[in-house]
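Only one structure is covered here, and it is reproduced in the block below.
We name chains A, B, ... by the order of the sequence lines, and we start the count at 1 in each one. Heavy-atom basis, side chains included; hydrogens, waters and symmetry copies ignored.
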Amino acid sequence: MLLPVEQEIRHQVADTIRRLYPDAGVPEFAVEMPPNRALGDLAVAVAFQLARPLRKAPRLIAQEIAAALGPMPGVARVDAAPNGYLNCFLDRRQFLLSRLAPAASPRAAGVKTIVEHTAINPNKAAHIGHLRNAALGDTLVRALRFTGTPVEVQNYIDDTGVQVADVVVGFRELERLTLAQVRAIADRPAPPFDYYCWDLYARVTEWYEEDKARLAVRAAALHDIEHGGNDTAALAAFIADRIVRRHLQTMARMNVDYDLLTWESDIIRLHFWNRAFEILKAQGAVFLQTKGRLAGCWVMRIEEAGGAPPADGEAGEPEAGGGETDEEAREKVIVRSNGTVTYVGKDIAYQFWKFGRLGVDFRYRTFAPRPDGRPLWSTTSDTEAAAPGAPTFGRAGRIYNVIDVRQSYLQALLSQALRTMGHAEEAENSIHFSYEMVALSHATARELGYAVSDEEGRKPFVEVSGRKGLGVKADDLLNTLIGKAAEEVARRNPDQPAAERDRTAAMIGVAAVRYFMVKFSRGKVIAFDIDEALNFEGESGPYLQYAVVRANNIFHKFQDREGLGEADLLAGLDSVPAPELAGEDGQHDLWALVLEAGRLDQVVDQVIRSLEFSVLAKYAFGLAQMFNAFYHRYPVLNEERADVRRWRAAGVAYFRAQLTRALDLMGMAVPARM
RNA sequence: GCGCCCGUAGCUCAGGCGGAUAGAGCAUCGGCCUUCUAAGCCGAGGGUCCCAGGUUCGAAUCCUGGCGGGCGCGCCA
């Protein structure tokens, strides 16, 4: 772990500057890593910043600080480099030995944190866009837990929206099926129900396009679903339940899991909105507009610039009688003139609940067993269905909503509502974790048989559309990758039993997807290309797994050939000389590997601060690369010098533990063989 | 129109809270499997870091203004 020693250096250097140059003041300075280990392990460039106020050469300042610095625990020495850097060299033996000791205490717990992610409309199969959401969300959860933060993972289910209504319409109007008949379809093993609905949903979209008057059917269905207690609502509830179960299966394959499902229908039936509405009115956050275009609506003023929509279409004359005014343009409708609440309103109520600021709560039932055997809880509005023993949900101090960038405007409104209510702190801790969408590369769209229009052809990628049925289903992608992995495993390990081969292939396929989804910065559109995703060489999930498998193998062979366990190899190391680790031969490769492995906690901190998981992905990849190079160059098992051999084993043991942790943070498991 | 994001090697992308020779993967070319798994390693070629100003001892990184691309801005969700 680098963080403690980094802090130490920062403080000591600052103190020294204060002592040596009391009038200069201590500038903000960074503790960075020199480009290679021969130069040092941590570096401070503060001498450059002090050069001007002190009217002295950076080199001289660095020398003075280096000379005046007292001893620091964990730091062997500090050099002043000719160019003015202060280069710190760590105590290598102590560093590795202390890292190899079993980890003591997890770091201090932070505030309770809710992460909401996935939130797929429960009307069709999950696609690659949803995989990006889940992979990012789940990695955030794992990273937060790594730092000791208590996290509650929620998956929001919009079971009363138009998308579910559309599939209901499809079953009733296009297929003329009853609930019992739909149930029979859902019970059939193939095609999976979510696949069936995927196609049906696309057909319904076409059906509307043939005759726009048919949209009235959807409106009626939506109305029935929202009110409940009728056949339409029963069918919708059935569809949503079964599709959610399919989504959970898909996500379980991806090593993604949840603590709580929150259903929009429960928010409605428990009248969360009424409560939120009272609060908003009491605080004056919303008001009834009495004139103009929005007369009869309850609206919220929009603070930030940029929310204002353009004057509508052909209405070119801004000040024309009774037309749009700037004032109206900065109002967001929360309750429509017909008295129904908008999506934003429902979301505000939900967000209030997450912070424990609503004053009402859900009831809870168990939904399904989780992969680890504990129950997955679900909200319910049904007193009968409520189960005893539910943990406390909600009441968080910080909330991450993992939703793509297209939701930025609405997410900003949520924060604003909280701020208007006087909950500045909650607004601050209401974090929209936004990321760009996943589209398809032109090549992949073509491969999937989609005719790309001229207009789309000019764009750099092809947008996924559930409505048109255009996209790559998550399970299809997983199946393809796992199938390819199985072929590779079979070729490399022909003697492996089929069951083991398939388990291994599943781990590899999943790692390939998860790494792929996390390796890009979140602000970048992923133009998904199937050939690129199928490449297991180079910067890929399987490459990372392979590095750990090789490291593991060294220890398996130590055990097989010499009966030495890892503990035997590491015992009593403190009395073994370590010339190689010390770099006495001028090589620093073993130490470089150990130090890089030690950066994981620093990387996780940075990842949480920036919500940039590509940093974790690239770190893990770089660490694996470093190990692979080391592996080729330095034998461990076959090293003849006993002391050198043991320290190499120690370094590899530490590397393996750290990379395994890094992979776990990204939801990637490591197979025994591959 | 306004707001946010993106622009780095042929392609896909890191680096972006300023700092040591601008990196990786893919692709191309050339090496390495009687020694811990070749899903690997080593090497070569390949760059006006979109453009122009500015701040700074120092700019791919920060600021301003352009250019190009994406997304958002509804009594949809």
Side-chain angles (χ1 to χ4, degrees), chain A residues 28 30 32 34-36 39 43 45 48-49 51-52 58 81 83-85 121 158 160-163 222 264 293-294 296-299 302 304-312 329 332-338 340 342-344 346-347 404-410 412 434 436-437 439 441 459-461 463 485 488-489 492-493 508 519-527 529 531-532 535-547 549-551 553-558 561 606 609-610 612 614-615 617-618 621-622 625 628-639 652 673-674:
Chain A
E28 283 287 315
E32 54 198 272
N36 66 67
L39 287 173
F48 300 108
Q49 289 153 277
R52 210 224 261 286
N83 59 6
Y85 272 98
N121 273 303
D158 179 8
T160 58
V162 282
Q163 295 220 11
L222 207 47
E264 182 166 274
R293 190 171 56 89
L294 303 180
C297 297
W298 286 85
V299 300
I302 296 163
E304 278 96 354
D312 280 335
K332 177 73 192 169
V333 173
I334 305 297
V335 179
R336 304 182 186 100
S337 53
N338 68 7
T340 57
T342 60
Y343 168 80
V344 191
K346 279 181 271 192
D347 235 31
D404 76 53
V405 68
R406 287 172 291 194
Q407 298 285 331
S408 294
Y409 176 61
L410 292 163
S434 77
E436 265 291 356
M437 59 177 174
S441 72
K459 289 195 173 190
F461 44 75
E463 198 171 342
E488 299 277 334
V489 174
R492 287 154 214 263
N493 304 286
I508 294 170
K519 77 172 179 179
F520 301 98
S521 321
R522 61 194 170 92
K524 224 124 193 175
V525 176
I526 298 180
D529 189 87
D531 294 333
E532 192 189 341
N535 189 1
F536 292 172
E537 285 163 19
E539 191 189 346
S540 68
Y543 176 95
L544 301 187
Q545 292 174 310
Y546 190 60
V549 166
R550 288 172 136 184
N553 249 338
I554 294 174
F555 291 98
H556 291 152
K557 299 227 157 142
F558 263 121
R561 293 185 191 173
Q606 190 192 338
R609 249 183 296 118
S610 62
E612 196 52 88
S614 58
V615 171
K618 301 285 173 183
F621 175 60
Q625 267 185 322
N628 273 329
F630 180 85
Y631 177 90
H632 275 269
R633 194 158 169 196
Y634 302 94
V636 181
L637 198 57
N638 300 324
E639 169 58 42
V652 172
R673 282 198 283 171
M674 65 184 280

Give the rounded distance in Å between these two atoms: [atom1] of [X] and [atom2] of [N].
{"X": "A:N553", "N": "B:A38", "atom1": "CG", "atom2": "C1'", "answer": "14 Å"}
{"X": "A:H632", "N": "B:C41", "atom1": "NE2", "atom2": "P", "answer": "6 Å"}
{"X": "A:K332", "N": "B:C2", "atom1": "NZ", "atom2": "P", "answer": "21 Å"}
{"X": "A:Y543", "N": "B:A24", "atom1": "OH", "atom2": "C1'", "answer": "10 Å"}
{"X": "A:F536", "N": "B:G40", "atom1": "CZ", "atom2": "P", "answer": "12 Å"}
{"X": "A:N36", "N": "B:A20", "atom1": "CG", "atom2": "P", "answer": "12 Å"}
{"X": "A:D158", "N": "B:C76", "atom1": "CG", "atom2": "P", "answer": "14 Å"}

Can you list everything that forms a side chain to side chain contact (heavy atoms under 4.5 Å, CB included) with A:N493? Sequence neighbours excluded, please.
A:V489, A:D495, A:Q496, A:R673
Distance between [atom1] atoms of [N] and [M] (Å, rounded):
{"N": "B:G3", "M": "B:C41", "atom1": "P", "answer": "47 Å"}
{"N": "B:C50", "M": "B:G40", "atom1": "C1'", "answer": "37 Å"}
{"N": "B:A59", "M": "B:A52", "atom1": "C1'", "answer": "15 Å"}
{"N": "B:U28", "M": "B:C17", "atom1": "C1'", "answer": "38 Å"}

Atom pairs under 3.5 Å: protein N/O with N/O of nucleotides 7-13 of chain B:
| unit_1 | atom_1 | unit_2 | atom_2 | d |
| --- | --- | --- | --- | --- |
| B:G7 | OP1 | A:K524 | NZ | 3.1 |
| B:U12 | O2' | A:E532 | OE2 | 3.4 |
| B:C13 | OP1 | A:V525 | O | 3.4 |

Among [options], find the nucleotide with the atom closest to the side chain of [X].
{"X": "A:E537", "options": "B:G70, B:A77, B:C26", "value": "B:C26"}
{"X": "A:F48", "options": "B:C57, B:A77, B:U35", "value": "B:C57"}
{"X": "A:R336", "options": "B:G40, B:C36, B:C76", "value": "B:C76"}
{"X": "A:Q407", "options": "B:C71, B:A77, B:C41", "value": "B:A77"}
{"X": "A:E612", "options": "B:A77, B:C36, B:G15", "value": "B:G15"}
{"X": "A:S614", "options": "B:G72, B:C41, B:G15", "value": "B:G15"}
{"X": "A:A43", "options": "B:C26, B:A20, B:U35", "value": "B:A20"}

Base of B:C75, side chain of A:S337 - is there a donor-acceptor contact under 3.5 Å?
yes
With no angle test and no hydrogens, is the base of B:A20 tied to the side chain of A:N83 by a donor-acceptor pair under 3.5 Å?
yes
Base, sugar-phosphate or nothing for [X]? Non-hydrogen atoms, less than 4.0 Å.
{"X": "A:V489", "value": "base"}
{"X": "A:F621", "value": "sugar-phosphate"}
{"X": "A:R633", "value": "nothing"}
{"X": "A:N628", "value": "sugar-phosphate"}
{"X": "A:K346", "value": "nothing"}
{"X": "A:P34", "value": "base"}

5'-most by nearest nucleotide on RNA chain B - A:A485 or A:F461
A:A485
Judged by each residue's nearest nucleotide on RNA chain B, which is more toward the 5′ side, A:P542 or A:L39?
A:L39
Side-chain (A:S610) to main-chain (A:Q606) donor-acceptor, under 3.5 angstrom
yes
Can you name the salt bridge (charged side-chain N to carboxylate O under 4.0 Å, His left out) partners of A:K519, sequence neighbours left out?
none
